[in-house]
Amino acid sequence: MSKNLKIGLFGFGVVGQGLLDIIQSQNLNLEIIKIAIKDPRKKRTLNKDLFITDRNEILNNTEINTIVELINDADAAYEIVTTALKNGKNVVSANKKMIATHLKELVDLQQEYGTSLLYEGAVCGSIPIIRNLEEYYDNELFHALSGIFNGSSNYILSKIFDKNQSYDSALKEAQDLGFAETDPILDVGGYDPKYKLAIATAHAYGLFVNPDAILNIGIQNLSNHDIKYAREKNFKIKLVPTARKVNTKDIVTYVLPKLVAKDDFLYNVENEYNAVAVQAAFADKQFFYGKGAGGHPTGAAVLSDIAALRYDYRYEYKKYHSENGVKHTEDILLEIYLRYADEDLITLLNFDDISERYAASSYKYVVGTVKLESLIKNRDLLLDQSVFVAYTGRQIYKQEQLSGNVFAEELASL
């Protein structure tokens, strides 16, 4: 039987209003009782009695059985979500930073208090990737997960490669349209897709990875030299988070710009759209595509979670509870394009092999293989404005059946 949900909503921004629009267009067995906001002086189109500023008026309200958390503050979201779960209230959240940072604890709280936390809207907007990883791939030998998880950076890159706009011009346009914040570093720096990748990795492999352990290099240092190089090689550049199994127990994760060829699924994903490419042993390659941001697309994902709670749905985290022994690794070689200014950086990164090199007074680059752990160790140097890194799509990794310094090579299709 469908439960009657009495909802306490935290946050009434773009996603909150988008959610309300969808709810009002449907005949659903749910009701929003109260909405917590920060600014009571702001004019609202709804009855002012719906709005409150004290979170406890919702968290301690016994009539409310479901919390929907749609605020930006990760610390405040953590307090709201954990208190609600402990109080026996089910929760829907879209706060990817909070969820990624505290996911193991949140899973344990759900189990301890018999409550449910759903968060489809936190990862890739309208694309139902979490539910698919939970249900469709729950018994699959899952190989890889990658894609475009951030609409702001993808919009900027689309304008650069399709419309010949400069990075600064494309960024300003994205900001004017509301796709990018005044300080866009969470998006263009790869932090936002890193949080989403950490959440998806938990469902794909049963592995909880601290986001701080995931390398994220963004597109903020992209220059005309890098754009010209990609075009000459018939590539586009996309910001691509990746989680990949490199043997039966080791999982590697990273967020890097990628040189994407025309035969890659991601080549034609443009503007604010997101995409997720997955590869499994039996289902093989599959591709999910949809809007990754905006009030209505994300609101639709949030509503899907709310609707699922009417039937007591919860994530089972089967792969985590199976104790499959997978672990996070940095022991992998990636082939990268590296634009640089200081020759010392080449020495510090300790390239395993360099296949291409160019040096002029205004522009120097190398293409070669380097250890992921070396990129992580020198991450601060890679963020210098004179440096740009892009993954070529070619990875070299150790396999369990091989020994010594012998490596197996794979041209990554994801």
Between [X] and [Y], is any side-chain donor less than 3.5 angstrom from a side-chain acceptor?
X      : Y      : value
Tyr337 : Glu356 : no
Tyr313 : Glu134 : no
Ser223 : Asp226 : yes
Thr329 : Asp331 : no

Contact between [X] and [Y] at the side-chain level, heavy atoms closer than 4.5 Å - yes or no?
X      : Y      : answer
Leu85  : Leu106 : yes
Asn29  : Arg310 : yes
Val278 : Val276 : yes
Asp284 : Gln279 : yes
Thr82  : His102 : no
Val123 : Lys96  : no
Val370 : Asn350 : no
Asp108 : Lys104 : yes

Check your understanding: Hey, which of Ile71, Leu70, Asn95, Val81 is the one that makes side chain to side chain contact (heavy atoms under 4.5 Å, CB included) with Phe10?
Key -> Ile71
Flag the pair [X] and [Y] as a salt bridge only when some basic side-chain nitrogen lies within less than 4.0 angstrom of an acidic carboxylate oxygen.
X      : Y      : answer
Asp250 : Lys245 : no
Lys236 : Glu270 : yes
Asp192 : Lys196 : yes
Asp264 : Lys258 : yes
Glu343 : Arg357 : yes

**Study point:** Qualifying residue for ring-ring contact (aromatic ring centres under 6.0 Å, His included) with Tyr205, from Tyr320, Tyr317, Tyr137, Phe142
**Key:** Phe142
Is there a donor-acceptor pair under 3.5 Å between the side chain of [X] and the backbone N or O of [Y]?
X      : Y      : result
Gln175 : Ala180 : no
Thr253 : Ile214 : no
Ser304 : Ala300 : no
Lys249 : Asn324 : yes
Asp187 : Ser153 : no
Gln110 : Ser116 : no
Ser158 : Asn271 : yes
Lys3   : Asp312 : no
Tyr155 : Tyr273 : no
Asn221 : Leu383 : yes

Measure the [atom1]-[atom2] distance between [X] and [Y] for me, rounded to the nearest 0.5 Å.
X      : Y      : atom1 : atom2 : result
Asp305 : Ser93  : CG    : OG    : 9.5 Å
Lys89  : Asn65  : NZ    : CG    : 7.5 Å
Leu157 : Leu222 : CG    : CG    : 6.5 Å

Review point. Are the aromatic ring centres of Tyr358 and Tyr229 under 6.0 angstrom apart?
Key: no
Review point. Less than 6.0 Å separating the ring centroids of His203 and Tyr119?
Key: yes
Check your understanding: Does the pair Leu375 and Tyr391 meet the rule for a side-chain contact (heavy atoms from CB on, under 4.5 Å), with working shown?
Key -> CA-CA 11 Å; Leu375 295 176; Tyr391 169 45; over 6 Å; no
Would you indicate whether [X], at its atom [atom1], is surrounded by more than 12 heavy atoms from other residues, nucleotides or ligands within a distance under 6.0 Å?
X      : atom1 : result
Glu181 : CD    : no
Lys371 : NZ    : no
Lys172 : NZ    : no

Exercise for review: Tell me, with the steps shown, if Leu46 and Phe12 meet side-chain contact (heavy atoms from CB on, under 4.5 Å).
Suggested key: CA-CA 11 Å; Leu46 300 177; Phe12 199 59; 3.8 Å; yes
Revision key, fill the gap. Hits for side chain to side chain donor-acceptor pair (under 3.5 Å) against Asn234, two or more places apart or cross-chain, chain-then-number order -> none
Review point. Which class fits the ring pair Tyr289 and Phe287: parallel under 30°, tilted 30 to 60°, perpendicular over 60°?
Key: parallel
Practice item. Measure up the His225 and Tyr363 rings against each other and bin them: parallel (under 30°), tilted (30 to 60°), perpendicular (over 60°). Key: parallel
Review point. What do the steps show when you test Lys233 against Leu259 for side-chain contact (heavy atoms from CB on, under 4.5 Å), and what is the final call?
Key: CA-CA 9 Å; Lys233 303 289 185 179; Leu259 299 172; over 6 Å; no
Check your understanding: Given the rule in the salt bridge (charged side-chain N to carboxylate O under 4.0 Å, His left out) test, do Lys163 and Glu173 qualify, once you have shown the distances and angles that lead to the verdict?
Key -> CA-CA 12 Å; Lys163 303 297 182 182; Glu173 186 172 313; over 6 Å; no
Point to revise | Cation-pi geometry met for Arg44 and Phe51 (6.0 Å, 45°) | key: yes
Exercise for review: Please assess Ile306 against Leu19 for the test side-chain contact (heavy atoms from CB on, under 4.5 Å), listing each intermediate value before the final yes or no.
Suggested key: CA-CA 10 Å; Ile306 295 171; Leu19 172 65; 4.1 Å; yes
